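Have a look at the structure below before the remarks.
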Amino acid sequence: MSIEAFQLLSRGGVQFNKNKYKKDVELFNVGKSESKSKRPAQGSELPAALDFFKYAQGAERKRKIDSVKRDEGGRSEKKRKKVSESEGNMDEDEEEATAKSDTHNNSVIPRQRHRVTTKGSNVPECAETFEALRDRYQLSSHLMLNLSKNGYSYPTGIQSYGAPILLQGRDLAAISPTGTGKTISYLLPTFVSLRAPVASAETDAGLGVRAIILAPTRELAHQIYNECLKLAQGRKWRVVLFSKATANTFSDKAVRDKIDIIVSTPLRLVASLQSGSLSLSNVRHLIFDEADRMLDNEFLPQIEEIVAACTHPDVQKAVFSATLPANAEKIALDMLRDPIRVVVGLKDTPLPLIAQSLTYVADDGSKLPSLLTYFSQPYNPPVLIFTSTQPRASSLAEELLLNGISNVDCLHAGMSTKERQDAVSRMRKGESWVMVSTEVMARGMDFKGVREVINYDFPTTVQSYIHRIGRTGRAGRSGKAVTFFTDTDGPYLKSIANVILQSGQSVPEWITKLPKPSKMKRKQMGKTKRPEMVNAARKIGRNDAIKKR
DNA sequence: TCGCTTT
């Protein structure tokens, strides 16, 4: 490897135009150049210093740490306000927690500090270390080993606060930013609470599945399932990723009764409930990941049906998300019993680690040229691109290919299960340089390498924005998010700009001077710029206020 | 609003 190659890589960029930068691309293919279609070497195949998927940009780092500090200052200011406004009969507790940085990269990336706020009665003390958790709640040596084996050496903020709450059998509403370890924060307590696999005959847990974990997309359910397998290693836990195929095996009662944990999407589970092949009467732990999505209008009827089917008197419920708008939070808290609410960081705010920017592209037709310009400059693969519809995702992926960009993948829910699985698998292996996808990839997906997110089409809610850009900057790494906006995106622009400002970054001044969106902003951000609609929204807002009085 | 997800 030449000095030039090192410099290219350490700058964090690989040129995209394969012909123009043929030599650079070939440098990545050392030892694999026999195959034309081979993608660049990556991960363990590269010496650490040349691994551009892991390389932290030195120059940018300092600036980001500074912005984290600034942000912390801003947070405590706001926090004081919040606390003084809180209700009297609730215990308020406010402490600093240290979030785990990526174990992969401990030497490079500083640990991120997040403020943690808890609200509720008798909040259990947080656990600073997994050892403290073990001593207090009798974690098996097995589980401890699986944690360390998989690189979990220190609990993140949500893990050290959330796990004790769940282990005390309490209901929980947890809000923690993207990429801060929410999955482990509920899976670990679940495994501890279940004590032993039902198949091991060490428990008298009764028959039938005891824990259900629900997620909005198949890909996310699959990812959660993979995390389950990491913690289950070496014991006879039966964890099932629910699908049509696994559901069919449930007609056999003997099989059905030996299941410990089911990970599923809601509709799949409801289908099995309705066919009578599954009983949830022994479920003790019910967990909703991406809770605000799960409690929206489309999923809520299914969720209600599942909750109603969990008839055991001691069922513990917990909801998790990076965003929880007021209406979703109300539904969640109504569903929970004497809940504790934990907020890590500032609610509905992206991580300061993600460098966000807005790019003006006059109209839809200007987007592709802008994107191609973007790719003609150094950038950090892999890149995740979001579009608003399935056909737009497919055609953009095609356009990029036609323009000589290689290793482009596409993923949307209109594709077959196998196509979807293949696309995720290529992404996991680092074989995709560019993935074009729809909202289906926006939530929960943890592709550790993603360095840049591009919102090719403007997100229509702040929640969507926060989740989309949260595909980068995970586990303490830095990331970059670029959002294209056109003239027609005006109504949404200010809300997104506010999110960017809230996370301690700047936006062009003229955007901050745009007129305020309607008063319904909290519920449905953006709205429309047609004045009659704004007026209508105002009217509704006023009527609601009158009703309350 | 519409499009996104879920069989």
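These numbers come from a predicted model, not from an experiment.
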For [X], salt bridge (charged side-chain N to carboxylate O under 4.0 Å, His left out) partners two or more places apart:
{"X": "A:Asp446", "answer": "A:Lys448, A:Arg474"}
{"X": "A:Arg293", "answer": "A:Asp296, A:Glu298"}
{"X": "A:Asp422", "answer": "A:Lys418"}

Length of the line joining [X]:[atom1] and [N]:[atom2], which is rounded to integer Å:
{"X": "A:Phe386", "N": "B:dG3", "atom1": "CZ", "atom2": "P", "result": "19 Å"}
{"X": "A:Glu305", "N": "B:dT6", "atom1": "CD", "atom2": "C1'", "result": "13 Å"}
{"X": "A:Glu290", "N": "B:dC4", "atom1": "CD", "atom2": "C1'", "result": "14 Å"}
{"X": "A:Leu273", "N": "B:dT7", "atom1": "CG", "atom2": "C1'", "result": "13 Å"}
{"X": "A:Tyr465", "N": "B:dG3", "atom1": "OH", "atom2": "P", "result": "24 Å"}
{"X": "A:Ile306", "N": "B:dT7", "atom1": "CD1", "atom2": "P", "result": "11 Å"}
{"X": "A:Lys244", "N": "B:dT7", "atom1": "NZ", "atom2": "C1'", "result": "6 Å"}
{"X": "A:Asn297", "N": "B:dT1", "atom1": "CG", "atom2": "P", "result": "11 Å"}

Would one find a side-chain N or O of [X] under 4.0 angstrom from OP1 or OP2 of [N]?
{"X": "A:Gln274", "N": "B:dT7", "value": "no"}
{"X": "A:Thr438", "N": "B:dT5", "value": "yes"}
{"X": "A:Ser388", "N": "B:dC2", "value": "no"}
{"X": "A:Arg293", "N": "B:dC4", "value": "no"}

Applying a 4.0 Å non-hydrogen cut-off, can you work out what A:Pro216 is touching in the nucleic acid: base, sugar-phosphate, or nothing?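 Sugar-phosphate, backbone atoms only, no base.
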How would you label the contact of A:Gln302 with the nucleic acid (heavy atoms, under 4.0 Å): base, sugar-phosphate, or nothing?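 It contacts base atoms.
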Pairs touching residues 320-345 of chain A that satisfy ring pair (Phe, Tyr, Trp, His ring centres under 6.0 Å), sequence neighbours left out: A:Tyr186-A:Phe320
May I have all residue pairs that pass ring pair (Phe, Tyr, Trp, His ring centres under 6.0 Å) and include part of residues 262-316 of chain A, sequence neighbours excluded? none
Between the base of B:dC4 and the side chain of A:Gln390, is there a donor and acceptor pair under 3.5 angstrom? no
What are the two closest non-hydrogen atoms of A:Leu501 and A:Ser506, and how far apart are they?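 Between these two residues, the closest heavy atoms are CD2-CA, 4.3 Å.
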Is there a side-chain contact between A:Thr183 and A:Asp289 (heavy atoms, below 4.5 Å)?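 A:Thr183 reaches A:Asp289 side chain to side chain.
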Go through residues 412-420 of chain A and report each residue with a non-hydrogen atom lying under 4.0 Å from DNA chain B, sorted by number. A:His412, A:Ala413, A:Arg420
From C-beta outward on A:Thr460, which listed nucleotide comes closest to its side chain: B:dC4, B:dT1, B:dT6?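 Closest of the options to the side chain of A:Thr460: B:dT1.
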